[in-house]
Amino acid sequence: MAVLVFSGDCAIKNWNDRVRERMKELDLTQKDMAELLGITQGAISNYLNGTREPNMDVLANLIRELGVTADWVVLGIRNKSKAQNFNTVGVSQKFSQLSKADKFKVNNAIEILALNVDQEH
């Protein structure tokens with residue numbers, strides 16, 4: 001499932017593209033990331049290529065290790081001002097167009113975001 005950014009001036013990207021960019025910024029290889037997360041390099045490759053989705057534990061650990069927020073990974077939102085301008089009507093319309101399986105994945109991602117917010121407060 002590709003999670004897209006629906007806000008203003010952000011380029012539309014998949015979550016795995018943002019993760020790949022952040023790994024590059026931190027000079028982390030797939031092997032490095034796999035070791036940090038305690039999973040195989042093949043699993044990282046599958047996540048980055050979009051052939052598999054990480055479970056909530058892996059995604060939460062990935063967010064922590066990359067030093068980013070769940071909002072940024074999942075939605076591409078870097079700060080609160082962009083979050084406040086986020087077009088919820090557009091998101092609702094896009095969500096309604098998703099398959100049942102993709103809606104399930106989005107709901108899981110939202111649960112991860114909620115857990116991350118709870119941990120930050």
Side-chain angles (χ1 to χ4, degrees):
M1 175 188 77
V3 177
L4 300 178
V5 177
F6 299 113
S7 62
D9 62 343
C10 290
I12 297 175
K13 294 183 181 181
N14 296 322
W15 71 270
N16 43 352
D17 290 334
R18 285 188 288 278
V19 167
R20 190 179 291 109
E21 285 180 12
R22 181 64 176 155
M23 287 172 58
K24 186 175 179 180
E25 288 173 5
L26 297 173
D27 197 31
L28 291 172
T29 65
Q30 289 183 13
K31 182 179 179 184
D32 297 332
M33 200 75 235
E35 288 175 6
L36 287 170
L37 299 176
I39 59 178
T40 67
Q41 184 177 345
I44 290 291
S45 177
N46 286 333
Y47 301 150
L48 296 178
N49 292 325
T51 56
R52 284 189 59 205
E53 297 290 328
N55 65 37
M56 288 196 300
D57 290 336
V58 171
L59 187 56
N61 290 334
L62 182 93
I63 288 165
R64 185 189 70 243
E65 293 297 337
L66 293 177
V68 295
T69 65
D71 285 344
W72 180 78
V73 170
V74 176
L75 301 171
I77 299 172
R78 288 193 178 267
N79 59 41
K80 289 189 183 282
S81 64
K82 285 188 180 178
Q84 291 166 349
N85 293 329
F86 194 73
N87 180 353
T88 56
V89 173
V91 171
S92 178
Q93 290 171 345
K94 295 290 184 185
F95 184 83
S96 69
Q97 297 169 359
L98 295 174
S99 69
K100 188 174 183 178
D102 283 346
K103 286 178 182 177
F104 178 77
K105 292 175 184 177
V106 170
N107 282 326
N108 283 343
I110 290 169
E111 289 177 17
I112 292 168
L113 289 170
L115 288 173
N116 193 35
V117 168
D118 289 343
Q119 291 175 355
E120 292 176 357
H121 296 305

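Quantities reported herein were computed from a predicted structural model and do not represent experimental measurements.
Distance check, rounded to the nearest 0.5 Å: OG1 of Thr69 to CG of Asp71 gives 5.0 Å. The structure places CG of Asn16 at 11.0 Å from CD1 of Ile44, a figure rounded to the nearest 0.5 Å.
Closest approach of Val74 and Ala109 over heavy atoms only: CG1-CB, 4.0 Å. The two residues Met56 and Asn108 make their nearest non-hydrogen contact at SD-O, 3.9 Å. Here the closest heavy-atom approach between residue Met23 and residue Thr29 is recorded as CE-O, 3.6 Å. Heavy-atom minimum distance, Pro54 versus Val58: CB-CG1, 3.7 Å.
Applying the salt bridge (Lys or Arg N to Asp or Glu O under 4.0 Å) definition to pairs two or more places apart or across chains, those involving residues 24-42 are Arg22-Glu25.
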Residues 59-66, side-chain donor-acceptor partners within the protein, below 3.5 Å, at least two apart:
unit_1: Asn61; atom_1: OD1; unit_2: Arg64; atom_2: NH1; d: 2.7
unit_1: Asn61; atom_1: ND2; unit_2: Asp57; atom_2: O; d: 3.2

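For Glu21, the salt bridge (charged side-chain N to carboxylate O under 4.0 Å, His left out) test picks out Lys13, with sequence neighbours left out.
Contact annotation: the side chain of Val73 approaches that of Val19 to within less than 4.5 Å [non-hydrogen atoms, C-beta and beyond]. Between Tyr47 and Ile39, the closest side-chain pair of non-hydrogen atoms falls below 4.5 Å.
The backbone N or O of Trp72 lies less than 3.5 Å from a partner atom in the side chain of Arg18, making a donor-acceptor pair.
At a threshold of 4.5 Å between side-chain heavy atoms, the hydrophobic network of Ile, Leu, Val, Met, Phe, Trp and Tyr places Ile110 and Phe104 in two separate groups.
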